[in-house]
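What follows is a set of notes on a single structure, which appears directly below.
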Amino acid sequence: MSGRRVGAITKRILQQFRRDHRTLGLLFGAPLVILALLGYLLRGGGDVPRMGVVNLDGGPLGGIVASTLKSSKTVSASSLAQADAEGKLRSGDIAGYVLLPSDFSAKAQQSRLIAPEIHLEGSQPGLSQSILQAVSQSFVGLAGQSGAIQFAARVTFLYGGPSFDTLDYFGAAFIGLVVFFLVFVITAVAFLRERGQGTLERLMASPLRRAEIVLGYMLGFTVLALVQSAEVLAFSLLVLHVHNVGNVALIFLLEALMAIAAVNLGIFLSMFARTEFQAVQFIPLVIVPQLLLAGIIFPISTEPGPLQALSRVLQLTYAVEGLRNIMIKGADLSWSSLQLDLGVVLAFCVLVILAGATTLRRRIA
Amino acid sequence: MAPDTYAVEVEGIAKRFGKQPALDGVSVRIRRGEVYGLLGPNGAGKTTLIRSLVGLVAPEKGTVTVLGRRMPQLPVLARVGYMTQQAALYPDISAEENVRFFGAIHGRENGVREALEFVDLWDRRKSVVSTLSGGMRTRCSLACALVHKPDLLLLDEPTVGVDPQLRVQLWDGFRKMAAGGTSIVVSSHVMDEAERCDRLGLIRFGKLLAEGTVAEIKTRAGVDRLEDAFLKLSEVSES
Ligand SMILES: Nc1ncnc2c1ncn2[C@@H]1O[C@H](COP(=O)(O)OP(=O)(O)O)[C@@H](O)[C@H]1O
Ligand SMILES: [Mg+2]
């Protein structure tokens with residue numbers, strides 16, 4: 001073991017990075033950006049889940065529960081008429097509502113039974129959980145008034161159901177994500193290898209048009225991506241039994257669009273990297289913020305306002321939403337929300353294809 | 001002479017990278033069916049000149065005409081073969097698959113066997129490129145450049161790392177192609193290869209020092225050896 005030899009390696013590594021400003025920026029900048037984003041997401045005073053309270057109670061207790069809920073900090077509750085609440089639940093304006101039936105007070109006082117109805121939208125387990133918690137907390141006050149009592153809520157789900165778990169929720173999103181990110185990285189690296197090994201130079205000195213290069217690449221990688229998409233989908237549905245009430249062909253269509261977008265994003269972004277090493281650096285730069293903001297982990301409706309606006313311009317948001325619309329809600333092409341999701345993903349595809357083709361031309365000229 | 005007698009006409013092109021001039025007002029005319037040697041030391045501008053012929057370098061000044069067409073222009077590239085200085089190949093596929101690919105993008109599907117036999121690689125055609133030796137890769141790269149039977153063949157230091165026996169064989173091949181009407185530009189920093197060229201261009205510091213047959217250049221410089229001609233002509237151009 002020679003200190004000098006080890007030292008030579010250490011020194012060389014530091015020298016290498018001194019000239020690679022981009023890597024340095026990433027090394028010291030990216031963690032702060034990601035942590036700041038995460039901090040803002042979680043502590044930025046985002047919205048709490050919205051819910052409704054339908055109070056049909058003839059007695060005094062319903063009013064107490066309603067006002068407790070409305071002053072709750074973990075949900076934002078408002079009084080609604082039953083039909084109104086049902087409508088808002090279907091349109092996604094509220095994540096759930098609690099209905100206090102006309103005999104609510106009577107039952108609580110006579111049979112010591114607290115029996116509200118809780119109607120949940122159900123597609124986002126996190127929001128459902130918050131509502132259930134807030135509702136059961138609002139009854140704690142009642143217990144003091146009427147002694148030991150039994151809590152017998154009737155819970156219904158518009159989508160999903162009581163067995164709907166976190167995997168069902170994330171599974172829908174991840175079917176698309178896995179394909180999107182893997183295809184992106186593989187395409188970007190393959191394109192940069194073409195640059196590094198000098199073959200791109202040869203392609204440029206051939207009669208190939210830029211559009212032909214981009215299209216050829218796209219088709220080649222799309223074949224791989226489609227096989228991968230089919231595999232991921234089959235595994236999720238047949239082995240993991242991820243909740244799906246929608247049309248499998250629609251899921252595949254959306255997945256395929258994401259794969260094509262990923263191929264072209266890979267080609268496009270690889271124009272901004274010189275080495276495969278730099279291409280891999282797009283992961284923390286491009287991928288992690290999207291993961292945080294596309295509503296995959298944190299529902300967009302609960303993000304701080306400015307971040308919601310940002311989420312709404314990310315195509316991934318719509319892709320994820322589309323997959324959930326299909327798989328959890330059983331959306332078909334007649335749903336306007338799914339039309340929007342598919343439309344945005346398709347538009348993004350066209351955009352990155354054009355971007356890839358024009359950037360390729362610019363970089364060579 | 002009709003303009004069509006030239007495969008390449010370069011008129012006063014200049015190109016700099018940053019402040020460093022790589023080409024500084026170079027004019028070159030290469031006749032059809034001749035083997036033109038581009039001779040000069042490392043960093044002289046040989047590669048930059050060749051790249052500007054296929055439109056990979058956009059000159060700041062001057063014009064480039066290839067096979068009668070003002071560059072840059074795509075269709076004419078189907079009739080040009082370009083062998084890059086570093087063997088540019090796809091390492092994960094076989095030699096034959098590489099040659100076939102470059103043939104196909106130039107619009108020619110056959111001729112793979114001929115090209116591989118020309119560089120003596122037919123027996124190794126099934127080998128994946130990453131398993132070939134350096135010299136073999138150079139030869140495979142050459143096969144990729146000539147598989148589509150181009151009218152103009154640009155070879156950037158094609159014989160570096162190739163053993164002497166095969167080098168002689170390749171040069172015989174180049175001469176035969178030239179006899180068949182192909183114009184060939186070969187860059188080299190090895191002086192002994194110059195003897196096999198029809199005409200030479202001596203290039204240094206991005207400037208063309210002299211142009212002509214070996215004999216003409218030696219006479220002009222008043223020396224017996226090409227190396228000396230280089231030194232002599234460099235002095236002249238600097239003073
Ligand atoms: N892409 C480039 N970026 C910066 N400088 C370059 C580039 N290509 C060539 N040069 C510079 O131009 C000069 C000529 O290079 P080149 O044409 O490759 O010489 P040769 O092929 O004769 O060895 C050299 O000084 C080289 O450093
Ligand atoms: Mg060179």
Side-chain angles (χ1 to χ4, degrees), chain A residues 19-21 182-183 185-225 227-228 263 266-267 270-271 273-277 279-280 356-365, chain B residues 47-48 50-60 64 66-67 69 71-93 97-99 101-108 129-130 137-138 140-148 150 152-156:
Chain A
R19 292 209 173 75
D20 191 349
H21 296 286
L182 286 179
V183 169
V185 169
I186 288 170
T187 316
V189 168
F191 212 77
L192 278 162
R193 262 174 50 188
E194 188 105 49
R195 199 181 282 280
Q197 74 206 8
T199 44
L200 186 63
E201 171 119 339
R202 275 201 137 145
L203 299 188
M204 291 303 161
S206 80
L208 273 177
R209 293 176 187 285
R210 326 297 163 200
E212 288 167 345
I213 298 178
V214 172
L215 200 65
Y217 248 79
M218 196 177 103
L219 292 178
F221 277 96
T222 302
V223 169
L224 293 177
V227 174
Q228 190 204 36
V263 168
I267 294 177
S270 65
M271 313 277 171
R274 271 177 292 112
T275 59
E276 295 162 42
F277 184 45
V280 174
T358 47
T359 325
L360 187 59
R361 181 177 311 135
R362 243 212 345 254
R363 282 294 293 250
I364 299 308
Chain B
T47 299
T48 309
I50 291 178
R51 292 181 78 222
S52 67
L53 297 185
V54 288
L56 285 168
V57 166
E60 288 137 16
V64 176
V66 169
L67 299 172
R69 301 287 152 81
M71 297 302 282
Q73 202 225 43
L74 275 186
V76 78
L77 291 176
R79 298 161 57 204
V80 178
Y82 171 40
M83 178 186 170
T84 49
Q85 186 166 359
Q86 272 87 32
L89 299 164
Y90 295 95
D92 306 322
I93 59 178
E97 285 161 341
N98 267 283
V99 176
F101 169 74
F102 283 106
I105 62 171
H106 285 88
R108 203 183 139 95
V129 163
S130 60
R137 280 181 222 181
T138 304
C140 184
S141 183
L142 175 59
C144 291
L146 48 76
V147 58
H148 57 293
L152 172 64
L153 189 56
L154 307 172
L155 307 171
D156 200 354

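Every chain is numbered from 1 and lettered A, B, ... according to where its sequence line falls, protein lines coming before strand lines.
- Here the shortest heavy-atom pairing between Ile105(B) and Pro207(A) reads O-CG, 3.6 Å.
- Residue Glu212(A) does not touch chain B at all, counting heavy-atom pairs closer than 4.5 Å.
- Evaluation of the side chain to side chain donor-acceptor pair (under 3.5 Å) rule for Gln228(A) yields no partner, not counting sequence neighbours.
- Chosen from Leu89(B), Val80(B), Leu53(B), the residue pairing most often with chain A at heavy-atom distances under 4.5 Å is Leu89(B).
- Shortest non-hydrogen contact noted between Arg202(A) and Ser141(B) is NH2-O, 2.8 Å.
- Using a 4.5 Å cut-off between heavy atoms, Phe102(B) contacts chain A through its side chain alone, with no backbone atom that close.
- To the nearest 0.5 angstrom, Leu200(A) atom CG is 9.0 Å from Leu56(B) atom CG.
- Proximity to chain A is absent for every atom of Arg79(B), based on heavy atoms less than 4.5 angstrom apart.
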* Check against side chain to side chain contact (heavy atoms under 4.5 Å, CB included), Gln197(A) and Val129(B) -> CA-CA 12 Å; Gln197(A) 74 206 8; Val129(B) 163; over 6 Å; no
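- A ring pair (Phe, Tyr, Trp, His ring centres under 6.0 Å) check over residues 185-204 of chain A, counting only residues at least two apart or in different chains, returns the pairs Phe191(A)-Tyr217(A).
- Distance check, rounded to the nearest 0.5 Å: CD of Gln85(B) to CD of Glu201(A) gives 10.5 Å.
- Contact of Arg193(A) with chain B is made through the side chain alone, with heavy-atom distances under 4.5 Å.
- Interface remark: Ala145(B) contributes backbone and side-chain atoms alike to the contact with chain A (heavy atom separation under 4.5 Å).
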